[in-house]
Amino acid sequence: MLIVSNGTQVEPILETNYEKSEELNGALRISFNSFLHEKNPGHPLLDFETIIEDEDGHEYVVKDFGGDTISKKATAVHIYFSLADNFKYDIYGGTRTFDDFMSFVLAGTGWTFINKDVDGYQLLPNFGEANLIVLIEQLCAAFNCERQILPGKVLRFTKKIGSDNDIQFRYRHNIETLSYSVNTANLKTQIRGYGAEGIDITYTSPLANSSRIGIRIAEPIHDEKIESVEEMTTRLASELPAAPETNIKVKVTTVDGNVGDMVWLIHEDLELEYQTRILSKKTKRDYSNSEVEVGNTQAKSIVDALLNQYATINANDKRYRSKFEQTNDRIDLEVEEIGVSIAAINIRADKITQSVTDLNKNLSSRITQTATEIRSEVTAQVTTINNNIQTVRNDVSIVSQTASQIQSTVTSQQTQISGLDTRINNAESSITQQAYQIESKVSVTDFTGNTVVSKINQNATTISIHASKINLIGAVNVLSDITGNLGTINTGTLNSVNINSANIRINEDVYIGNTLQIGPSWADNSPKLIRFGNATGGYISHRGDVIDLSAMYGVTINGSPALTGNWEGMSLNWNGQTGALGRLYIRINGTDRGYIKLDQ
């Protein structure tokens, strides 16, 4: 007897034409008719989406309903399949146990599960984002197990449901009729597998020995988790069928056994005698016209429809999606906002890489870390089109850090394409820091291909500046010798020069602006020109121990004339000894006006 529940009302219902269908890992449903009668109190309650409970405690939901004024016809599917109406938006991927995954799937549903013998870990990338029925079927496929629905919202999982009790279905005993089909369209007999450590195995099924079948090659298997030849061989053998797809339907007088049980199928006229499994069964109250389906395959079921639904959902564009992949040597994680941005982390035994990309703005950043280096990089790309001139600009900044060096680099590259030509220019600046040296560099390559470079190199003893132009703005103090070929020094107004030294030696021509020139040597006795501004101030010459200033004119001290033409009474007196320090005195009319301390 069935029990019908409609809201808070619960009544027994008297049914006719009752049939129960059950499939291995598939549908569990009932169908029946009901008639209006005073002794059938559940009839008025029967309607679509009402709950029906059978004698075993299984609950069903009416999904297909119809009737007239005196009768109703209903087909009800087990409430387990209502889990297809629940959707897991979350992602729970990674390497986990069956119990971990199943607890995630059934959380908050009121359903519980029993795990009989499903053990080990499996990697399921991106697990989630589907209805619960699809997720459960994915788990059964991944862990190679089967599902059994129990009363009370309980699921039982085991490697293989059913038992082996030597039950027989035998023609002229409990078989009325028998029909069968064999399908070899998808039959494969050979497969190749690639595993870790260079494993490369080809497995051939015994079915290949049949002259009507032969070698039929399947898609290869790539699984870096497999590390032995024996494990790979077992895996490959499980991928190929032991026999062609067969499907046999028998009408029986009595239905012994449950779905999943091993049974013997015997039909002497067809020379059939082998052990197979019950794939599905349909039973009636009086067992008349009951049907059992046995073999190694079965017709499409409600689960296939749900899987198709999942495929349709996957085809739809989602705002966000994430990916998780793991092998023995790597872990990849990725989160994407569709068409907007992508963030990814790639973990290897010798390297970790993080990246973020803005797809709309063509911006990206990347950090790469190894045992010896940390490298960060930011990239921007901008493309503009104005007046049929396309300009593409790529900017990259990089910071590289090792135990012995830190280097930062900024690069800008611009490509301009017009109807006449293509122009490319590049600019780059870098700073390299080491324990013993710091170097900064700026280089520019323009449209013509010319490259200009400036560089500063500093170590513990020396600072080198290389550039086509060096501008010193502000007060400049030089606290040591300036040596080398100085070339020409061009300056503005020279307001003051203080020389605090006991010795003044002029060995080369010296120019201060264009105002002062002193000859390279006094040994040739030739006059040397002294210039002040653009005016000639006179000549200075050397004769033995005497410096002749007689030709000097226009020299003033504190605004008063110091030398005017050939000044009578002016003389130079030397008080030193040969090879010793001394003073050269300037005397006018016997009075010392000053001296120059010289090293003869």
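Here, residue 1 is the first one in the sequence, and each next residue gets the next number.
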Of all the heavy-atom pairs spanning [X] and [Y], show the shortest one and how long it is.
X: I191; Y: P220; value: CG1-CA, 4.5 Å
X: S412; Y: D395; value: OG-OD1, 2.7 Å
X: Y203; Y: L236; value: CB-CB, 3.7 Å
X: C140; Y: F157; value: SG-CE2, 3.8 Å
X: V442; Y: S429; value: CG2-CB, 4.0 Å
X: T97; Y: F143; value: C-CZ, 3.8 Å

Report yes if some heavy atom in the side chain of [X] is under 4.5 Å from a heavy atom in the side chain of [Y]; otherwise report no.
X: S464; Y: T462; answer: yes
X: I136; Y: F101; answer: no
X: V378; Y: V396; answer: no
X: I456; Y: E439; answer: no
X: L132; Y: V105; answer: yes
X: T368; Y: I352; answer: no
X: V453; Y: K441; answer: yes
X: M102; Y: L139; answer: yes

Please tell me whether [X] and [Y] have a donor and an acceptor in their side chains that are separated by less than 3.5 angstrom.
X: E428; Y: T411; answer: yes
X: T204; Y: Q190; answer: yes
X: T451; Y: T445; answer: yes
X: D358; Y: S341; answer: no
X: T461; Y: N459; answer: yes

Between E239 and R235, is there a side-chain N and carboxylate O pair less than 4.0 Å apart?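 Salt bridge present between E239 and R235.
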
Checking [X] side chain against [Y] main chain: does a donor-acceptor pair fall under 3.5 Å?
X: T357; Y: L359; answer: no
X: T234; Y: E230; answer: yes
X: T189; Y: G214; answer: yes
X: T370; Y: E373; answer: yes

From CA spacing to verdict: side-chain contact (heavy atoms from CB on, under 4.5 Å), F127, F104: CA-CA 10 Å; F127 183 74; F104 162 75; 3.8 Å; yes

To the closest 0.5 Å, what do you measure between [atom1] ([X]) and [atom2] ([Y])?
X: I398; Y: T409; atom1: CD1; atom2: OG1; answer: 6.0 Å
X: D332; Y: I345; atom1: CG; atom2: CD1; answer: 10.5 Å
X: I226; Y: M232; atom1: CD1; atom2: CE; answer: 4.0 Å
X: R375; Y: T353; atom1: CZ; atom2: OG1; answer: 11.0 Å
X: I374; Y: Q369; atom1: CD1; atom2: CD; answer: 4.5 Å
X: S238; Y: N144; atom1: OG; atom2: CG; answer: 7.0 Å

Test log, rule side-chain contact (heavy atoms from CB on, under 4.5 Å), inputs N426 and V444: CA-CA 6 Å; N426 296 281; V444 175; over 6 Å; no

Go through the steps for Y92 and N126 under the test side-chain contact (heavy atoms from CB on, under 4.5 Å), then give the verdict. CA-CA 7 Å; Y92 191 67; N126 314 319; over 6 Å; no

Stepwise, does the side-chain contact (heavy atoms from CB on, under 4.5 Å) test hold for Y194 with D223? CA-CA 6 Å; Y194 302 91; D223 192 342; over 6 Å; no

So for atom CG, which belongs to N360, do other residues, nucleotides or ligands contribute more than 12 heavy atoms lying within a distance under 6.0 Å? yes

Quick one: salt bridge (Lys or Arg N to Asp or Glu O under 4.0 Å) partners of R96, sequence neighbours excluded? none

